[in-house]
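Inspection log for the structure reproduced underneath, given as structure tokens.
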Protein chains: 2
Amino acid sequence: MPTNPPPHLSPRKRPRQARAAVTLDAIFEATIQVLVSDGPRRLTTTRVAERTGVSVGTMYQYFPHKQALFYALNERYLDIVAERVEDACRAQQGAEVAAMVEALVTAYWQVKTERAEVTRALYKSVVELDNEPLIEAFARRVDAATSTMLASASDADFADLPTVVLTLLTSIFGTVRSVFERNLPIEEADAVLRHLVLMCNAYIRTVKLPAECVTA
Amino acid sequence: MPTNPPPHLSPRKRPRQARAAVTLDAIFEATIQVLVSDGPRRLTTTRVAERTGVSVGTMYQYFPHKQALFYALNERYLDIVAERVEDACRAQQGAEVAAMVEALVTAYWQVKTERAEVTRALYKSVVELDNEPLIEAFARRVDAATSTMLASASDADFADLPTVVLTLLTSIFGTVRSVFERNLPIEEADAVLRHLVLMCNAYIRTVKLPAECVTA
DNA sequence: CCCCAAACTGAACGATCCTTCATATTCTCA
DNA sequence: TGAGAATATGAAGGATCGTTCAGTTTGGGG
């Protein structure tokens with residue numbers, strides 16, 4: 001949310017009446033549907049409008065151009081994902097690292113899997129716009145959440161927490177993405193997921209400082 | 001190479017004279033340049049031809065359409081990457097697993113980094129075509145090379161080698177990709193890379209079978 | 001040296017696609 | 001209830017892009 005909205009990509013106007021809010025939601029949903037069924041290259045203002053059951057002009061009342069719509073869609077999506085990860089992190093405050101890592105991987109995987117086609121479609125559509133600010137804001141949020149979670153671990157401390165967090169998140173996100181894009185069969189995907197947890201935990205054991213039993 | 005070429009994507013004709021071979025190479029190079037400087041959305045037959053210093057018609061003598069050019073370009077690129085990985089794997093036959101893992105990660109990172117802009121551009125351009133067969137062929141090659149390498153390790157055996165290899169490769173490829181796309185500063189990228197090696201090795205230690213000192 | 005095949009040219013066509021705007025419809029609240 | 005604001009319409013304009021093909025140039029073998 002605290003993302004500074006790039007001027008040229010910000011929405012044109014906010015809905016003031018109920019029907020407008022409905023229309024806006026419908027536009028987003030239609031965009032996803034077109035993306036999933038027709039692919040990012042066939043994502044067309046006309047097609048989105050048609051799927052929404054609305055005329056093209058209506059779209060242009062809310063977004064100055066196609067990219068802005070796209071940008072807003074990604075913003076929405078990343079917001080959901082970030083929130084989920086933050087929730088998972090909060091729920092593990094003070095727990096043991098192993099549980100934290102498992103929760104982190106699982107939460108991310110779950111939110112990506114719940115609407116797998118949407119995830120895949122959005123992964124593919126990243127090209128269409130310059131969404132680095134979005135990604136960066138997302139990364140910052142998740143990084144912060146993970147950092148405070150790990151810092152609160154009951155059974156571990158780290159010499160270089162920032163690097164550990166960066167490595168952990170980069171590998172988790174990257175691995176999940178690869179699994180999605182390679183379209184692995186469910187059994188293999190599950191196996192990789194389980195082993196990813198093993199891997200991250202093994203990593204944590206390697207980089208955590210030797211235990212000092214009492215700190216207070 | 002032994003990829004069965006999808007009929008609609010295969011090149012139109014092979015060069016028979018020297019100048020034609022030169023032209024073909026120039027087209028590929030120009031495609032990369034346009035991709036890097038203008039982005040995948042502005043990759044246009046006209047632009048490529050212009051950058052090549054050739055007319056549009058010439059392109060269409062070698063490729064039936066834009067997608068075929070794109071496909072061939074990715075094929076070339078993935079071939080190079082796969083070859084490098086295979087070389088690295090061969091060089092580590094019979095070594096210790098730790099060395100193998102480090103060599104694998106390093107080799108992959110290196111080949112991706114040598115022409116970073118090209119890598120980034122191609123990562124982004126994946127959308128433009130249905131290159132699943134290419135990716136799959138690449139995955140098979142690298143998977144096979146890694147499998148035989150790990151099987152020859154002097155100090156480790158694995159209960160479920162296929163899953164170990166799949167996990168290893170998925171996470172390495174995914175992590176490297178994430179590092180690239182997030183455009184991390186060099187120091188952070190290097191740090192993640194080092195920790196990725198740590199992580200993979202920690203993982204290997206976790207999943208390898210307890211040593212039986214003598215097998216013969 | 002000459003001729004045919006290989007290689008190259010580029011204007012032109014058709015197909016989309018994004019965006020606008022003058023107009024029509026619907027809602028809200030005074 | 002009526003008027004002004006909010007919302008919706010969709011044909012039309014302008015731009016870009018992929019692809020073709022009739023014709024020209026170039027190269028190499030006989």
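Throughout, a chain's letter reflects where its sequence line sits, starting with A, and its residues are numbered from 1.
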Exercise for the section: Check Leu150(B), Thr146(B), Thr148(B) against Cys89(B) for a side-chain contact (heavy atoms from CB on, under 4.5 Å) and give me the one that passes. Expected result: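 So the option named by the test is Thr146(B).
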Problem - Pairing residues for Arg177(A) by the side chain to side chain contact (heavy atoms under 4.5 Å, CB included) criterion, not counting sequence neighbours - result: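 In terms of side chain to side chain contact (heavy atoms under 4.5 Å, CB included), with neighbours along the sequence ignored, Arg177(A) is linked to Tyr123(A), Glu181(A), Arg177(B), Glu181(B).
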Problem - Ion pair check, Arg90(B) and Asp87(B), cut-off under 4.0 Å - result: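 Yes.
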Handout entry: Pair Glu50(B) + Arg42(B): basic N to acidic O under 4.0 Å
Key =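 Here Glu50(B) does not pair with Arg42(B) in a salt bridge, since their nearest N and O are not under 4.0 Å apart.
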Atom pair distance, as rounded to whole Å: [atom1] in [X] and [atom2] in [N]:
X        : N       : atom1 : atom2 : answer
Ile27(A) : dA8(D)  : CD1   : C1'   : 11 Å
Phe70(B) : dT19(D) : CZ    : P     : 13 Å
Arg42(B) : dC17(D) : CZ    : P     : 7 Å
His65(B) : dG18(D) : NE2   : P     : 12 Å
Tyr60(B) : dT20(D) : OH    : C1'   : 9 Å
Leu69(B) : dC17(D) : CG    : C1'   : 15 Å

Practice task
Report the residue (Ala18(B) or Leu43(B)) whose heavy-atom-nearest nucleotide on DNA chain D is the more 5′ of the two.
Solution key: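 With Ala18(B) and Leu43(B) compared, the 5'-side residue is Leu43(B).
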Handout entry: Nearest listed nucleotide, side chain of Gln17(A), among dT9(D), dT7(D), dG27(D)
Key =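 Selected nucleotide (nearest to the side chain): dT7(D).
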Practice task
Select one nucleotide: of dG27(D), dT9(D), dT19(D), the one nearest the side-chain heavy atoms of Val54(A).
Solution key: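 So the side chain of Val54(A) is nearest to dT9(D).
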Problem - Covered region of DNA chain C, 5' end to 3' end, by chain A [heavy atoms, under 4.0 Å] - result: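 So the outermost contacting nucleotides come out as dC17(C) to dC27(C).
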Handout entry: Gln61(A) (side chain) and dA8(D) (base): donor-acceptor pair under 3.5 Å
Key =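 Counting by modelled atom types and ignoring angles, a donor-acceptor contact under 3.5 Å is found here.
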Handout entry: Under 4.0 angstrom between Thr46(B) side-chain N/O and dT16(D) OP1 or OP2
Key =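 Thr46(B) to dT16(D) OP1/OP2: no side-chain N or O under 4.0 Å.
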Would you mind classifying the nucleic acid contact of [X] as base, sugar-phosphate or nothing, using non-hydrogen atoms under 4.0 angstrom?
X        : value
Arg41(A) : nothing
Thr44(B) : sugar-phosphate
Leu24(A) : nothing

Problem - Ring geometry between Phe63(B) and Phe28(B) (parallel below 30°, tilted from 30 to 60°, perpendicular above 60°) - result: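 The arrangement is perpendicular - the two ring planes meet at more than 60°.
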Handout entry: Ring geometry between Phe138(B) and Phe173(B) (parallel below 30°, tilted from 30 to 60°, perpendicular above 60°)
Key =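 Rings of Phe173(B) and Phe138(B): tilted, as their planes differ by 30° to 60°.
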Practice task
Measure the spacing between CG of Leu198(A) and OG1 of Thr206(B) and express it to the nearest 0.5 Å.
Solution key: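 Taking CG in Leu198(A) and OG1 in Thr206(B), the distance rounds to 7.0 Å.
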Practice task
Would you kindly compare Thr45(A) and Met59(B) by the position of their nearest DNA chain C nucleotide and give the one closer to the 5′ end?
Solution key: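 First, find each residue's nearest nucleotide; the 5'-ward one identifies Met59(B).
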